[in-house]
Amino acid sequence: MSAAATLATTTLTISDAAAALRAGTVTAVELTSAALRRVTEQDGALGAFVTVLTGPALTAAAAADADFAAGVDRGPLQGIPLAVKDIISTEDAPTTANSRVLDPAWGGGVDAPVVARLRRAGAVVIGKSTTSEFACGLPDPTKGFPLPRNPWDLAYTASGSSSGTGIAVTTGMVLGGLGTDTGGSVRGPASVTGHTGLKVTFGRVPKNGVVPLAYSLDSVGPMARSALDCALLLETIAGHDPGDPHAAWRPVPAYSETLDGDVRGLRVGVARGYFLDHPGVDPEIRDAVLTAAGELQAAGAVLVDVEIPWAAEAQDANNVTWLGEAFAYHREDLVHRWADYGASTRDVLARAVFHSAADYTEAQRVRAVFRAEVARVFRGVDVLVTPTFAEPVTRIAATDMDRVFTGRNLVAQWNLTGQPAVSIPCGVDGSGLPIGLQVIGAPFDEATVLTVADAYQRRTGWHLRVPPPPPSPPAAPPSARPAVGQGAQ
Amino acid sequence: MLPAPDPATVAHALLDAARLTMTPEETARLTAAYPELRARADGLYAVSGRDVTPGLGFDPSWESA
């Protein structure tokens with residue numbers, strides 16, 4: 001079966017497709033056409049895309065093929081179809097942030113550095129993917145944007161806010177893509193839809209050209225089927241850019257070349273207590289994560305039980321921080337254009353008025369204390385493992401904004417500390433929905449995080465599961481949607 | 001020490017001061033959410049001592065931790 005045919009019925013990884021492109025068993029145009037066909041067939045039901053860029057994608061794919069024919073090889077992303085979350089600026093489509101509020105000219109028709117780097121590597125951007133409005137809130141179909149649905153069961157949420165990229169990766173509409181993560185927005189969709197999503201170290205990837213949610217927490221991260229594919233994406237998008245004052249001046253390792261499956265002797269901290277043993281952690285999820293840790297142990301890793309103090313307070317500190325920073329960005333629009341925001345977005349953002357400047361400052365003191373505690377723990381381990389989510393996936397009809405602030409959150413702590421963390425699938429729950437394992441590393445040690453994830457994926461196949469096609473779409477196919485926010489989050 | 005104010009009164013006052021044109025239902029919902037949000041923010045003050053310096057910038061080293 002050719003790579004394009006494989007994509008039409010199941011999914012390839014980026015590394016598989018890169019090999020097929022070089023072997024001449026598939027062309028970039030065939031690969032992109034197969035991806036676009038899958039979008040047409042499935043996205044009416046799944047709501048992964050705000051804008052589908054059929055023409056530009058086929059043009060880029062043809063250019064990739066021409067380069068191959070001319071002996072020009074730009075690396076493993078050449079000719080690979082990708083999705084870009086619709087809060088990231090691109091030259092060939094407006095950036096909506098899934099909102100009626102954002103100026104349609106935002107971004108100035110210029111690629112964000114992360115997108116420009118993907119294009120220079122020969123990647124094919126096939127569309128702008130659905131996000132929760134301004135990367136917060138919940139999907140609000142009344143505002144005319146797609147409602148993202150979990151491809152394993154359409155009644156369930158695809159989490160957020162990078163839900164569109166998550167759906168597109170899981171279903172094989174694309175082979176990878178970009179999301180952003182301020183409090184779990186890459187790892188959440190990866191967990192509940194069943195693929196690999198990496199929240200990078202703060203500053204590892206430039207975030208200029210990305211609509212901000214919270215200045216001190218935001219990060220742009222790769223989403224793909226495997227850890228190896230995330231490594232290929234990360235080594236392309238990482239590195240300093242003068243337009244982002246937070247972007248780190250650090251060399252970018254060849255992450256993909258360090259993945260050898262060898263975790264012998266690596267110290268894996270199993271975060272107990274708040275992260276695993278509390279009654280708020282679902283037993284099925286706890287068991288799946290402990291089984292996954294056992295798999296790492298079988299591969300030669302050394303498991304170490306650890307306790308991490310102030311985890312609940314760190315979650316609260318992250319909430320105070322992102323709410324305050326987001327409210328500063330949105331205040332004038334909230335005052336003057338309240339009704340233009342989606343109901344859940346304004347419900348969330350308005351809660352910022354309940355916090356004081358002293359609360360924000362105290363949250364930063366908690367950040368310092370928690371970071372010191374985590375640093376102490378990391379003197380005895382190389383990575384930590386936890387569940388990505390403590391609770392099973394939520395039904396769309398049961399989503400509740402209060403839970404954003406009161407539910408047990410296991411991911412936001414690592415935005416507060418700025419550390420890298422990946423979510424990889426490690427099982428399914430009783431409803432058949434994926435369970436995520438989170439692997440957290442020391443700052444700028446994405447290499448070890450990805451090594452652990454890759455080692456696990458070499459021994460298991462959870463990341464290769466593909467949901468069956470959804471029932472016939474109830475809505476018009478994406479190609480029939482107006483380009484700017486007329487679809488239906 | 002003054003008696004603790006009624007949470008609903010405080011929530012209303014804060015929402016009014018923000019000049020957000022919310023519906024009565026939204027006001028009621030947010031007012032109901034206020035006590036827990038306040039308690040969680042208050043809980044942050046139990047974590048750090050007075051002499052802890054806020055982590056205002058990201059430091060990739062663990063050295064200052």
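Chain letters run A, B, ... following the sequence lines, proteins first, then strands; residues in each count from 1. The model shown is predicted, which means the values in this text are computed figures rather than measured ones.
- Note on A:Trp338, A:Phe202, A:Trp310, A:Phe405: by heavy-atom pairs under 4.5 Å with chain B, the leading option is A:Trp338.
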Would you please test A:Asp181 and A:Ser219 for side-chain hydrogen bond (donor to acceptor under 3.5 Å, both in side chains) and show each step?
-> CA-CA 5 Å; A:Asp181 194 316; A:Ser219 60; 5.1 Å; no
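- In this structure the side chain of A:Val220 reaches within 4.5 angstrom of the side chain of A:Val210, judged on heavy atoms.
- Taking B:Arg29, B:Arg19, B:Arg38 one by one and counting their heavy-atom pairs under 4.5 Å with chain A, the maximum is reached by B:Arg29.
- In this structure, A:Arg250 satisfies the cation-pi test against A:Phe444, with its NZ or CZ atom closer than 6.0 Å to the six-membered ring centre and inside 45 degrees of the ring normal.
- Classified by interplanar angle (parallel below 30°, tilted 30° to 60°, perpendicular above 60°), the ring pair A:Tyr341/A:Phe134 is tilted.
- By the 30° and 60° cut-offs, the orientation of the rings of A:Trp249 relative to A:His240 is parallel.
- Proximity to chain B involves both the backbone and the side chain of A:Ala358, based on heavy atoms less than 4.5 angstrom apart.
- Your options are B:Leu56, B:Leu14, B:Leu44, and the one with the most heavy-atom pairs under 4.5 Å with chain A is B:Leu44.
- Looking at B:Thr21, the atoms closer than 4.5 Å to chain A (heavy atoms on both sides) sit in the backbone and in the side chain alike.
- Looking at B:Ala46, only its backbone comes within 4.5 Å of chain A, counting heavy atoms on both sides.
- Both the backbone and the side chain of A:Thr406 have a heavy atom closer than 4.5 Å to some heavy atom of chain B.
- Put simply, of A:Met401, A:Arg351, A:Arg365, A:Gln364, the one with the most heavy-atom pairs under 4.5 Å next to chain B is A:Arg365.
- Among A:Asn319, A:Leu416, A:Leu334, A:Asp347, the residue making the largest number of heavy-atom pairs under 4.5 Å with chain B is A:Asp347.
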Step by step, work out the side-chain hydrogen bond (donor to acceptor under 3.5 Å, both in side chains) result for A:Asn415 and A:Arg187.
-> CA-CA 11 Å; A:Asn415 296 86; A:Arg187 291 160 286 164; 2.6 Å; yes
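- In this structure, the portion of A:Val320 lying under 4.5 Å from any heavy atom of chain B is its side chain and not its backbone.
- Contacts between B:Arg40 and chain A at a heavy-atom distance below 4.5 Å involve backbone atoms as well as side-chain atoms.
- Taking 4.0 Å as the cut-off between side-chain N and carboxylate O, A:Glu133 and A:Lys143 do not count as a salt-bridged pair.
- Your options are A:Arg367, A:Glu313, A:Glu362, and the one with the most heavy-atom pairs under 4.5 Å with chain B is A:Glu362.
- Classified by interplanar angle (parallel below 30°, tilted 30° to 60°, perpendicular above 60°), the ring pair A:Phe370/A:Trp414 is tilted.
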